[in-house]
Amino acid sequence: MNVLNFPAIQSDFYLQDTVTVAKRLIGQVLLHESPYGVIAGRIVETEAYVTGDPANHASRGMTRRNSAMFGPPGRAYVYMIHTRWCLNAVTQPEGVGEAVLIRALEPILGLDIMAELRKKTNPRDFCSGPGKLTQAMAISGEHNHADLTSGTIRILEFEEVDNIIQTTRVGIKHAADRPLRFYSREDAKWVSKR
DNA sequence: AGAGCGATGGCCT
DNA sequence: GGCCATCGCTCTA
C-alpha cells in the first residue's frame, strides 16, 4: 500500500461537531511531503477544543496567535508552547474558533527521518506527544494556516477505529474535568502518558 | 510513577 | 515587565 495514493479528508468532514471530528480523526493518517522526505503517522490520540470551553485558546476572542482557529475548516492551527510546536486541525465554519489537537501518532513512514529529527532511537519516543510529533514530522510555525485537505501536509482517509477511550485532557488548568480527550485502546502504546 | 525545571513567545498591564 | 501556557526531559526511587 502506498499512503500517497490515499485521498485527503475534505473540508465537509471538519464541519461535523468538533467532538465527532476528534473521534473520527483517530485512525486517519497525517502525511508530510517534507524537504527531508515523506513522513507519515497514524493518528492515535486527539483532544477537542470547543466553544464555551475556558481551555480553548479561542475562548477569549481572536488574537493574532489564534486567528487560524477562526479561519476555514481543514486548516492547520500551529502554535508554540514551552519551546515546542503543537498542531491542531481547525473545525467548524469560518468565524467559529474550534479545533482538534493532534496529540500522538503511530509512526508509519519515514522512521529514519523521525529518528534524526527527534534524536531518539526508540520509535515510541518519536510521536508520543503533541510537541514530539511536530518535531518528528518537521511541522512548525511556518505551517500555521496550512490547508490540510490538499498540499504538502495532509490528513488522509485511512481507517475507522471502534475502540476509542474518552478521558480528560492533558496539561490544562481550566475545564480540566471535561472528557474531551480521545485515544485508540489498541494503540495505547503510542499515546502520550502525561 | 512522580517531581522538578528549562525555555520561548504571546498577550495583558 | 511580568505572567503563563494544549510540553519534554532528566533525575530520583
Side-chain angles (χ1 to χ4, degrees), chain A residues 14 17-26 28 30 41 43-71 73-92 96-107 113-146 148 153 155 164-184 188-194:
Chain A
Y14 299 99
D17 174 70
T18 299
V19 168
T20 304
V21 175
K23 282 187 210 165
R24 294 192 61 193
L25 277 178
I26 307 263
Q28 315 312 324
L30 177 66
I43 299 169
V44 296
E45 181 186 1
T46 60
E47 285 178 358
Y49 287 86
V50 299
T51 301
D53 170 9
N56 184 347
H57 286 173
S59 68
R60 285 166 295 279
M62 184 160 71
T63 63
R64 208 152 60 85
R65 177 216 204 187
N66 67 19
S67 65
M69 292 191 74
F70 294 90
R75 303 285 182 90
Y77 167 44
V78 183
Y79 71 92
M80 174 169 274
I81 177 106
H82 288 90
T83 76
R84 304 283 165 162
W85 297 104
C86 293
L87 170 68
N88 294 249
V90 174
T91 61
Q92 305 307 304
V96 181
E98 302 196 9
V100 173
L101 171 67
I102 314 292
R103 284 196 58 90
L105 309 171
E106 173 193 358
I113 301 170
M114 290 186 180
E116 197 168 325
L117 292 173
R118 287 279 302 136
K119 306 195 190 314
K120 299 280 177 188
T121 52
N122 186 342
R124 289 187 56 174
D125 296 327
F126 293 171
C127 300
S128 54
K132 298 181 191 177
L133 73 89
T134 52
Q135 188 180 14
M137 296 283 301
I139 293 170
S140 64
E142 70 193 275
H143 303 112
N144 194 23
H145 298 278
L148 300 173
I153 301 176
I155 298 179
I164 292 176
I165 310 289
Q166 177 166 6
T167 53
T168 52
R169 294 175 292 185
V170 176
I172 55 168
K173 290 234 172 84
H174 296 291
D177 55 327
R178 295 190 70 175
L180 293 174
R181 175 189 182 214
F182 304 92
Y183 65 89
S184 162
K189 62 176 289 200
W190 300 109
V191 165
S192 71
K193 274 292 196 283
R194 50 176 259 104

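Please read all numbers here as calculations on a predicted model, not as lab measurements. Letters A, B, ... mirror the listed sequences (proteins, then strands); counts begin at 1.
At distances below 3.5 Å, at least one donor-acceptor pair connects side-chain atoms of Glu98(A) with backbone N or O atoms of Thr51(A). Using a distance-only test at 3.5 Å, with no hydrogens or angles considered, no donor-acceptor pair links the side chain of Glu106(A) to the main chain of Val44(A). Under the 3.5 Å distance criterion, the side-chain polar atoms of Asn144(A) are left unmatched by any main-chain donor or acceptor of Gly141(A).
Distance from the side chain of Lys120(A) is smallest to dT10(C) among dA5(C), dT10(C), dC7(C).
Closest non-hydrogen pair, Arg103(A) versus Ser192(A), comes out as NH2-OG, 3.0 Å.
For the pair Leu105(A) and Met137(A), the minimum side-chain heavy-atom distance is below 4.5 Å.
Here the P atom of nucleotide dC3(C) and the NE2 atom of His174(A) are 16 Å apart, to the nearest Å. Arg84(A) places its CZ atom 18 Å from the C1' atom of dC4(C), with the value rounded to the nearest Å. A straight line from CG of Leu87(A) to P of dC7(C) spans 14 Å, rounded to a whole angstrom. Distance CZ (Arg169(A)) to P (dA5(C)): 14 Å, rounded to an integer number of Å. If you take NZ of Lys119(A) and P of dT10(C), they are 13 Å apart, rounded to a whole angstrom.
Of the side-chain N and O atoms in Arg118(A), one or more sit less than 4.0 angstrom from OP1 or OP2 of dC9(C). A sub-4.0 Å separation between OP1 or OP2 of dA5(C) and a side-chain N or O of Lys173(A) is present.
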Can you check nucleotides 4-12 of chain B for protein contacts, nitrogen or oxygen pairs under 3.5 Å, and list what you find?
residue : atom : partner  : partner atom : Å
dC11(B) : OP1  : Thr63(A) : OG1          : 2.3
dC11(B) : OP1  : Arg65(A) : N            : 3.0

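When the options Thr18(A), Asn88(A), Leu87(A) are evaluated for a side chain to side chain contact (heavy atoms under 4.5 Å, CB included) with Val100(A), the one that passes is Thr18(A).
Among the atoms of the strands shown, none is found under 4.0 Å from any heavy atom of Ala99(A). Backbone-only engagement by Ile172(A) is indicated by non-hydrogen atom pairs under 4.0 Å involving sugar-phosphate atoms exclusively.
Applying the 6.0 Å contact sphere to CD of Gln166(A) captures more than 12 heavy atoms from other residues, nucleotides or ligands.
When Watson-Crick and G-U wobble pairs are counted only if both distances are under 3.5 Å, dC7(C) pairs with dG6(B).
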